[in-house]
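Below is a structure I'd like to ask you about.
Chain letters run A, B, ... following the sequence lines, proteins first, then strands; residues in each count from 1. Since this is a predicted model, take the numbers as computed values, not measurements.
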Amino acid sequence: MGNESFYQEFEVFSRRTKTSPFQHQFSLLAPNEDIAIVMAQENFMRREPVADIWVVKRDNIRGLNQEERQMVERLDNKDYRLTKGYGYLRKKWRQYEQGMFDEKEILSWAGGQKK
Amino acid sequence: MTADVLLEKDLQAQFEERIARGDKIEADDWMPEEYRLALIKLISMHGISEIMGALPEKEWVPKAPTLYRKLGIMAKVQDEMGHGQLLLRVAEDLIKPLGKNREDLMQDLFAGRLKFHNVFHMATKSWGDAGLIGWLVDGAAIITQTNMLNASYAPYARALQRICAEEVFHAQHGEAIILALAEGTPEQKEMVQDALNRWWEALLFFFGPPSSDTTGSTKQDITIKYKIRINTNEELRQGFLSKYVPRIKSIGLTIPDPTLRFDEETEKWIYQQPNWENFKKIQRNEGPKSQERLKLRRTSYDDNAWVREALSARIG
Amino acid sequence: MTQKYENPVVELLFQLADDDYLFSYRGSEWLGLAPHIEEDVAFSSITQDTMGHATVYYRLLEGLGLGVADTLAHMRPATERKNSILVERPNGEGVYMETPRYDWAYAVARSYIYTTAKKIKIDSLKSSSDQSLAEAAVKISMELYYHLLHWKTWFVQLFNSTEDARNRMTKALEKVIADCGDLFSYGDAATEITNASLIESEQVLLNRWTEYVKPVFETIKVAVPTFGKPERNGRNGEHTKELQDAINTMSEVYRTDLTAAW
Ligand SMILES: [Fe+2]
Ligand SMILES: [Fe+2]
């Protein structure tokens, strides 16, 4: 049947701003990627800013099946790689009359250093 | 333990346990046949209804009175086509294992195997109807659709999140048209009242029969059992009346049912039952505009078949 | 024949406004009937953008004291309209409210030709001597890139697909080109419009358009068409019956009460 190949599945991803990550939006049908890309924004991002768009043929995506989805499970014992595991430092630094370089403080340096 | 060593019975039990604890089901997960079929029926009908629902409203797109209203109703009807797109994608993923695609859904529609929602078989006679559809038909649709926002089937829930966000605009678009008319000239007010009179029965039909005793069929039980929706048809209709009756009255409109009242004791709306025979006719595609709308959809689909053929051939 | 306005800015604004308005009106009739659901949604966005462009021009006219934008869009009879014949043509056979038989090949060919011509005009308008026209052109130009890409994609793909599609596209393109005689024309106001440096001359833009579309016509292996002398010139208010029909429909509700708020 000729129509079968008109309906190719594409997954649509977009980035809201130039620094934001690509986010999955939805899927659409199109006969090829050039048509898919001119459909993408108007179908799923009519009311939001878009900085960039990807369309990906669904066949090219390797996902997890129901059973494999078990692979994302983790024990909640990994404080050592979280700032949560180092909270005691705040008290320690206080002993040395120093403030804590926590996430909020460190990321605030994005404003630059004194010139 | 892998899925293929589990017996059907165990799979069913495991599935029911997932539903019970509020887990979400994905397209390629194991699911009971009953669940898949219920989803296909519900979502393909929902999707195709959006596509068919664009037809009554689009009649008023070129006629909308001002540039702003022309743009507004265009954006609204465009959204409805977009809802069709979202929902059909969800349905298409469900029928894919059965070897079917969008083409089959269209053919099912044309053959009468796939029904479109009863409210879209009605005529739209005036600009007042266009406003009333946006306000009350979309209002009713918001009640049914928000009821399924937490559906156990995740792809449907995700589509509904997008849809419901847009429905907020639809509701306000409808309210804006209606309020302008209700606050306007005597002729404009009459236009809204007339629209309400003609659409009231359709609004009661919207949520479907209260139980299968009324019309012989309703698919509400299975969708509730599998946590696709929360409330029954009648509960949804009661919710609609509670939300909208006071608003309708507040702008000076008269609901064409003198018996309509809220019974404090049972905390239920008492209303004149619509003629369910008319509902059954619509179910058989014998409503006022059923055949014309199907013909329009089919003609445009067939006339454009060459486009789909042309571009699929290009792949090879 | 229509009146000629004293002010060439008014004359040009009406041409631009009516072009985009009628083009988007025809686009709005397609809503719900496109060959593909995803395309229906995309097409409607382009139609809305274009009606938005028309609104920009009608508002400028409103600002110049020509009347309310909605009245200008809805109430002027065909004899006062300045749009090109191309945009007023119906989408196909049949009546909108019944079961129209719209022609997608025609939609694609018309949209591609119209949008490329619009791009050439808008680029020229960016350096218009009229400040507000120049500003409007800069804004409108922002949305044109997508419109062009969208229609070019359909135009090229359909031409380069099956024989059936190519035949349909060829026929549709011929039909479109036959109506392009007044597309770049400024009608009887041409001298005043170009003398005031509102936009470059018809011939300059036409040549530029030919250069602009040449690569696309090369990919479809068709010679770049040339436009004949117009049978009717829409810029002078000469129109087909279909335009008056369209005006009657678009104003059906609005004209029931011009003073009412809608
Ligand atoms: Fe919808
Ligand atoms: Fe809606």
- Query: For atom NZ of C:K118, is the number of surrounding heavy atoms from other residues, nucleotides or ligands below 6.0 Å larger than 12?
  - Reply: yes
- Does any heavy atom of chain A fall under 4.5 Å from the side chain of C:H36, the backbone, both, or neither of them? side chain
- Query: Going from CG on A:L28 to CD1 on C:I37, what distance comes out if it is rounded to the nearest 0.5 angstrom?
  - Reply: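 The CD1 atom of C:I37 is 11.5 Å from CG of A:L28, to the nearest 0.5 Å.
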- Just wondering, more than 12 heavy atoms not from A:Y80 lying within 6.0 Å of its OH? yes
- Query: Got more than 12 heavy atoms from elsewhere within 6.0 Å of CD, A:E33?
  - Reply: no
- With a 4.5 angstrom heavy-atom cut-off, which part of C:Y146 approaches chain A: side chain, backbone, both or neither? side chain
- Identify the two heavy atoms, one from A:V38 and one from C:A42, that lie closest to each other, and give their separation to 0.1 Å.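 Residues A:V38 and C:A42, closest heavy atoms: O-CB, 4.1 Å.
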- Task: Any chance you could measure A:E42, atom CD, to C:D49, atom CG, to the nearest 0.5 Å?
- Result: 7.0 Å
- Message: Looking at A:E68, I want to see if its CD is surrounded by more than 12 non-hydrogen atoms of other residues, nucleotides or ligands under 6.0 Å.
- Response: yes
- Item | Value rounded to 0.5 Å, distance of OH in A:Y7 from CD in C:E38 |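 Here the rounded value is 8.5 Å.
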- Note on the structure: Nearest heavy-atom approach of C:Q157 to A:I35 is OE1-CG1, 3.5 Å
- Message: Tell me whether the count of non-hydrogen atoms from other residues, nucleotides or ligands lying under 6.0 Å of CD in C:E163 goes above 12.
- Response: no
- Is atom CZ of C:R59 surrounded by more than 12 heavy atoms (other residues, nucleotides or ligands) closer than 6.0 Å?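 Incorrect, the count does not exceed 12.
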